[in-house]
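The basis for the numbers below is simple: all heavy atoms, side chains too, and nothing from hydrogens, waters or symmetry mates.
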Amino acid sequence: MENDMMLFFVNEIVKIDRGGPESRVGKLLAVEKDYITLLTKEDGIIYYNRHHIKSLTHNAKNLVQLDMELEDFEFIQAKDFASVLECLRYRWVKINRGGPEMLEGIMDEVNEHFVTIISNEEVVRFSMFHMRNVSHKAIVGNQKQHEKEISSDQTNKNEKGKEEKTSNDEKVNIEEKVNKDVKMNHEEILGKEEKPHHEKKINKLRERLTRSINENE
């Protein structure tokens, strides 16, 4: 497709192709020599090889709204599609959106003829000519909200853990206090009475001190 025509729709909501697994609706972020960058709700950022784009539809009436936060995200800005792939080396990528030629894995080697993908313990050499688009994991929209929810859940768990620890610490302190008081009285009794006579008194003292502390909580 003509470069000048596509530049006119940068920062607009567009639909790539009319249908099929490669069709997506999103915000057109950039138009380069042989590829475009599209921000989508389903896949995050997708880099489309312009050679395979059949049509571009502009949503003139704004019938499609993307529920995404557009702040604080980055995308690759390279001179051509091959350079984009080079920037994605050693990242988890998805090549094509669907069909038998869809592939996911770690991007390894990149050259002018093919790329090498490590997928499920297989080494796949994928023809550069047949690569319609590529994407990698990006945090946008609902994913950010999901991260906030995870963070909130973790905070709640930490607070609950602190409360449980505090409760356990208080229990330990009570036990230590009882044992300390019993020991003091034990030593005092030992100085006055023989062992067969004081054990019963020690047990009663422990029960009385424990009951007294529990009533004051």
Considering only distance and modelled atom types, tabulate donor-acceptor pairs under 3.5 Å from the side chains of residues 110-122, sequence neighbours left out.
from: Asn111; atom 1: OD1; to: His113; atom 2: N; distance (Å): 2.8
from: Asn111; atom 1: OD1; to: Phe114; atom 2: N; distance (Å): 2.8
from: Ser119; atom 1: OG; to: Glu104; atom 2: O; distance (Å): 2.8

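- Between the side chain of Tyr47 and the backbone N or O of Leu85 there is no donor-acceptor pair closer than 3.5 Å.
- Take Arg89 and apply the side chain to side chain donor-acceptor pair (under 3.5 Å) test, not counting sequence neighbours, and it matches Glu86.
- Contacts of Phe9 classified as ring-ring contact (aromatic ring centres under 6.0 Å, His included), with partners at least two apart in sequence or in another chain: His58.
- Distance check: Asn49 CG to Asp34 CG gives 6.0 Å after rounding to the nearest 0.5 Å.
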Residue pair Arg50, Val31: steps toward the side chain to side chain contact (heavy atoms under 4.5 Å, CB included) verdict: CA-CA 9 Å; Arg50 285 179 53 187; Val31 176; 4.1 Å; yes
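- In this structure, the side chains of Arg91 and Ile106 stay at 4.5 Å or more apart for every pair of heavy atoms.
- Each of Met102, Glu42, Arg24 was compared with Arg97 under the side chain to side chain contact (heavy atoms under 4.5 Å, CB included) criterion, and only Arg24 meets it.
- Residues passing the side-chain contact (heavy atoms from CB on, under 4.5 Å) test with Phe129 are His51, Ser127, sequence neighbours excluded.
- Not counting sequence neighbours, Asp17 has no partner by the side chain to side chain donor-acceptor pair (under 3.5 Å) test.
- Taking CD from Glu32 and OG from Ser83, the interatomic distance works out to 10.0 Å, rounded to the nearest 0.5 Å.
- Inter-residue side-chain proximity for Ile16 and Asn133 is flagged as unmet; no heavy-atom pair is nearer than 4.5 Å.
- Once rounded to the nearest 0.5 Å, the distance linking CG of Leu28 with CD1 of Ile13 reads 9.5 Å.
- From Glu12, atom CD reaches atom NZ of Lys27 across 8.5 Å, with rounding to the nearest 0.5 Å.
- Evaluation of the salt bridge (charged side-chain N to carboxylate O under 4.0 Å, His left out) rule for Arg132 yields no partner, not counting sequence neighbours.
- Considering Glu101, His130, Met131 as possible partners of Ile95, the one that fulfils the side chain to side chain contact (heavy atoms under 4.5 Å, CB included) test is Met131.
- Shown here for Ala30 and Phe75, the closest heavy-atom pair between the two residues is CB-CE1, 4.1 Å.
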Test log, rule side chain to side chain contact (heavy atoms under 4.5 Å, CB included), inputs Phe81 and Val134: CA-CA 10 Å; Phe81 192 63; Val134 62; 4.0 Å; yes
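- The side-chain contact (heavy atoms from CB on, under 4.5 Å) test applied to Ala82 returns Asp80, not counting sequence neighbours.
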Asp43/Leu38 under side chain to side chain contact (heavy atoms under 4.5 Å, CB included): CA gap, chis, key distance, verdict: CA-CA 10 Å; Asp43 302 298; Leu38 190 73; over 6 Å; no
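- Taking every heavy atom of both residues into account, Glu74 and Ile45 meet most closely at O-CD1, 3.3 Å.
- Rounded to the nearest 0.5 Å, atoms CG (Leu39) and OG (Ser135) are 12.0 Å apart.
- Linking Ile, Leu, Val, Met, Phe, Trp and Tyr whenever their side-chain heavy atoms come within less than 4.5 Å leaves Tyr90 and Met107 in two separate clusters.
- Between the Tyr35 side chain and the Ala78 main chain, a donor and an acceptor come within less than 3.5 Å of each other.
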